[in-house]
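Here is the structure we will look at.
Every chain is numbered from 1 and lettered A, B, ... according to where its sequence line falls, protein lines coming before strand lines. It should be emphasised that the depicted structure is a prediction, and the values quoted were computed from it without experimental measurement.
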2 protein chains.
Amino acid sequence: MNPDRAGDAVAQRAVRREELLDAADRVICRDGPAASMAQIAAEAGITKPILYRHFGDKGGLYVALTERYTGRLLVELRTALDSGQDRRDRVERTVRAYLGSIDADREVYRFLTRSDEGLPAHSHVLSFRRRLAGLLADGIAVELGVPASRASAWAHGIVGMVESAGDWWLESRTLTREELVTELSDLLFGAYAGAGSPSGTGPGPSLPLG
Amino acid sequence: MNPDRAGDAVAQRAVRREELLDAADRVICRDGPAASMAQIAAEAGITKPILYRHFGDKGGLYVALTERYTGRLLVELRTALDSGQDRRDRVERTVRAYLGSIDADREVYRFLTRSDEGLPAHSHVLSFRRRLAGLLADGIAVELGVPASRASAWAHGIVGMVESAGDWWLESRTLTREELVTELSDLLFGAYAGAGSPSGTGPGPSLPLG
DNA sequence: CCAAGGGGTTACCGCGGGTAACAGCGTCGC
DNA sequence: GCGACGCTGTTACCCGCGGTAACCCCTTGG
């Protein structure tokens, strides 16, 4: 076609790749995370072997998609983590950002959390969790001056806490997003320790459970 | 063979079912959670259609396995939740029990946590999480006198926190189990709130600042 | 002796991941 | 100009796995 210069070949390829990922994105947003390669190819207006030439196998495509999604999410969370005036504020902003993201597109969320074991993409999701937890752990270690082992354990715990609560929230919807942000932040900030806690209702009788 | 009486037929069937589940258990423990029906059948010394006669489809088999596994785990966690002298003690016992269980058989753990979306077993795993979180939420609501919405949010968060930290722990092994129990309990009991105020009950494990 | 029925098998279908082989087409070297 | 190359695209296929239909054989009971 155009007298494109030499180096453009690789750029062209990259562009195509993004287009294919766009197609996969559309299919997954429309039909859920169990999309087949043929479906994705059809959505892109081509056939399977092309997908395989670009991504190797289904795992490769899913890894690429996972990178795209987690990249966006990580940026949002990072900025939230870096903003705010004090620790409490930062925590609330970050939790809010996470809940907002997973709420914005549930199919993508399902794609990320329920991706098949076996597919390499899954290990990539894990690595995203690790990166996120690593960010958190660094922040905690610096901010609180606790040893790395403690910071890591806490970071992974916190990530799972928000993830699991978010999962439940998406399905039950018994709280507003802002309420959940408050609940989780309270939990993190020691509301569970003492019975009488901030922002909540209530006295604090700590009766032992039988 | 033996002149077994009439009602034994159904009992016999139940026994057989358990044997088949045993076989599936063995395969999954040996080869991981991606076992095929033919593999499981071979392990049981039979062929596929028999499995299908007993469990309907792969989902049915996996649901049965999931029930078996989660049943055991739920019993352990329930007793841990009901034991102990104070809240801190109960939390530690429960976290310890959970970590011990997932450590005892990692393939089973992977089977439970990474079971395929799509397969009905996955929703069964989710319902296990919900049951567990429900138990926790009840305990929290009673013990702390907080409203149900707060108790539920916290419960799901706590379940996810322990699960995620446990996941990380299984792979990294940078802590002993007992250390992780302490870290998570500290986190729950407000150690994150103030840098220098660790746990709830008594002196507790002081921050080994390092 | 002959049905009934349940445990067991083989042989097959459909579908999805993955691949080989081939077809058009623009570019490069001679 | 012309063949060699490389890239995009295709069709048609293989294989493994979930799931099933049809059949086999042995026991039970009238």
- Query: OP1 or OP2 of dT20(D) sitting under 4.0 Å from any side-chain N/O of Tyr52(B)?
  - Reply: no
- Message: Aromatic contact between Tyr109(B) and Tyr69(B), with the criterion being ring centroids under 6.0 Å apart: yes or no?
- Response: no
To the nearest Å, how far apart are [X] [atom1] and [N] [atom2]?
X        : N       : atom1 : atom2 : answer
Glu19(A) : dT8(D)  : CD    : P     : 12 Å
Leu61(A) : dG17(C) : CG    : P     : 11 Å
Tyr62(B) : dG18(D) : OH    : C1'   : 11 Å
Ile40(B) : dG19(D) : CD1   : P     : 11 Å
Leu51(B) : dG18(D) : CG    : P     : 10 Å

What I want to find out is whether [X] reaches [Y] closely enough, with some N-O distance under 4.0 Å, to be called a salt bridge.
X        : Y         : value
Arg68(B) : Asp22(B)  : yes
Arg93(A) : Asp89(A)  : yes
Arg26(B) : Asp31(B)  : no
Arg72(B) : Glu76(B)  : no
Arg96(A) : Glu178(A) : yes

- Query: Does Arg87(B) count as lying over the ring of Phe189(B), i.e. NZ or CZ under 6.0 Å from the six-ring centre, within 45 degrees of the axis?
  - Reply: no
- Query: Could you run down nucleotides 9-17 of chain D 5' to 3' and tag each one B, S or - for protein heavy-atom contact under 4.0 Å?
  - Reply: BBB------
Identify each atom pair where a protein N or O and an N or O of nucleotides 4-6 of chain D are less than 3.5 Å apart, giving names and distance.
none

- Just jot down the side chain to side chain contact (heavy atoms under 4.5 Å, CB included) partners of Ala34(A), sequence neighbours excluded, or say none. none
